[in-house]
Amino acid sequence: MKSNRRNGFTLLGFIFALIVTLFFVYIAMRLVPMYLEYHAVSQALNTIAAEPESSKLTPWRIRERIMRSLYVSYADNNVTKEHIRITKNKGVQVRVAYEVRKPMLGNIDIIGSFDKSVTLK
């Protein structure tokens with residue numbers, strides 16, 4: 001005798017899989033821009049650290065170069081000049097520390113805390 005049993009998704013199973021997939025896509029849509037912005041910050045700091053004689057720049061000029069680099073890469077949404085700290089001890093230390101808060105569902109937020117520092121030589 002042949003069985004009438006079918007293999008595969010039922011409509012309910014398909015809807016459940018679709019909901020789970022869409023939930024993870026939604027979270028990725030919230031997280032990816034935050035990490036792309038952090039990558040741009042990291043790249044801006046590494047670029048200025050690689051420049052010769054960059055430690056002789058004034059703090060104002062260092063901030064302007066970082067902010068200009070972020071503006072060009074469309075990553076200046078969450079980073080402001082106040083997030084850039086410049087200290088002088090054993091070289092010039094440049095640190096960018098900031099936090100990004102994105103709403104996810106209702107009163108639940110995704111919070112990303114980013115911190116990158118380089119030493120200029």
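Bear in mind the structure is a predicted one, so any value in this text is a computation, not a measurement.
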State, to 0.1 Å, how close Val100 and Met34 come at their nearest heavy-atom pair, and which atoms those are.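 Heavy atoms only, the tightest pair is CG1-SD, 3.4 Å.
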Looking at Ile110, is its backbone amide N or carbonyl O close enough to the side chain of Arg101 to form a donor-acceptor pair, meaning the two atoms are under 3.5 Å apart? no
Review point. Counting N and O atoms only, with roles assigned by atom type, does the side chain of Ser73 sit under 3.5 Å from a partner on the main chain of Leu70, one being a donor and the other an acceptor?
Key: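 Pair found, side chain donor or acceptor close to backbone of Leu70.
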Residues at least two apart in sequence or cross-chain that pass salt bridge (charged side-chain N to carboxylate O under 4.0 Å, His left out) with Arg95, listed by chain then number, are Asp115
Derivation and outcome, side-chain hydrogen bond (donor to acceptor under 3.5 Å, both in side chains), residues Gln93 and Thr119: CA-CA 4 Å; Gln93 184 81 18; Thr119 302; 2.7 Å; yes
Within a strict 4.5 Å, meaning less than it, do heavy atoms of the [X] and [Y] side chains meet?
X	Y	value
Phe23	Ile27	yes
Leu120	Leu57	no
Thr21	Ile19	no
Val94	Ile48	no

Would you list the atom pairs, donor with acceptor, under 3.5 Å between side chains in residues 38-47 and any protein atom, with sequence neighbours excluded?
{"residue": "Asn46", "atom": "ND2", "partner": "Ser42", "partner atom": "O", "Å": "3.2"}
{"residue": "Thr47", "atom": "OG1", "partner": "Gln43", "partner atom": "O", "Å": "2.7"}

Count I, L, V, M, F, W, Y as connected when their side-chain heavy atoms are under 4.5 Å apart, and connections chain through other members. Are [X] and [Y] then in the same cluster?
X	Y	answer
Ile108	Tyr26	yes
Val32	Met104	no
Leu36	Val79	no

Residue pairs involving residues 51-67 (criterion side chain to side chain donor-acceptor pair (under 3.5 Å); sequence neighbours excluded) |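 Every pair satisfying side chain to side chain donor-acceptor pair (under 3.5 Å) with a residue in residues 51-67: Glu51-Arg65, Glu53-Lys56, Glu64-Lys81.
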Does either side chain, that of Glu99 or that of Ser113, offer a donor lying less than 3.5 Å from an acceptor on the other one?
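Ser113 and Glu99 do not have a side-chain donor-acceptor pair below 3.5 Å.
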Side chains of Asn77 and Glu37: any donor to acceptor distance under 3.5 Å? no
Apart from Met29 itself, members of its ILVMFWY cluster (side-chain separation under 4.5 Å) are Val25
Open item on the list: Run the ring pair (Phe, Tyr, Trp, His ring centres under 6.0 Å) test against Tyr35 and tell me which residues pass, sequence neighbours left out.
Closed with: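 Tyr35 satisfies ring pair (Phe, Tyr, Trp, His ring centres under 6.0 Å) with Phe114 once adjacent residues are dropped.
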- Query: What residues, two or more places apart in sequence or in another chain, satisfy side chain to side chain contact (heavy atoms under 4.5 Å, CB included) together with Tyr74?
  - Reply: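 Tyr74: no side chain to side chain contact (heavy atoms under 4.5 Å, CB included) contacts found.
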- Task: State whether the number of non-hydrogen atoms from other residues, nucleotides or ligands found under 6.0 Å of Leu22 atom CG is greater than 12.
- Result: yes
When rounded to the nearest 0.5 Å, the distance separating CZ of Arg68 from CG of Asp76 is 12.5 Å
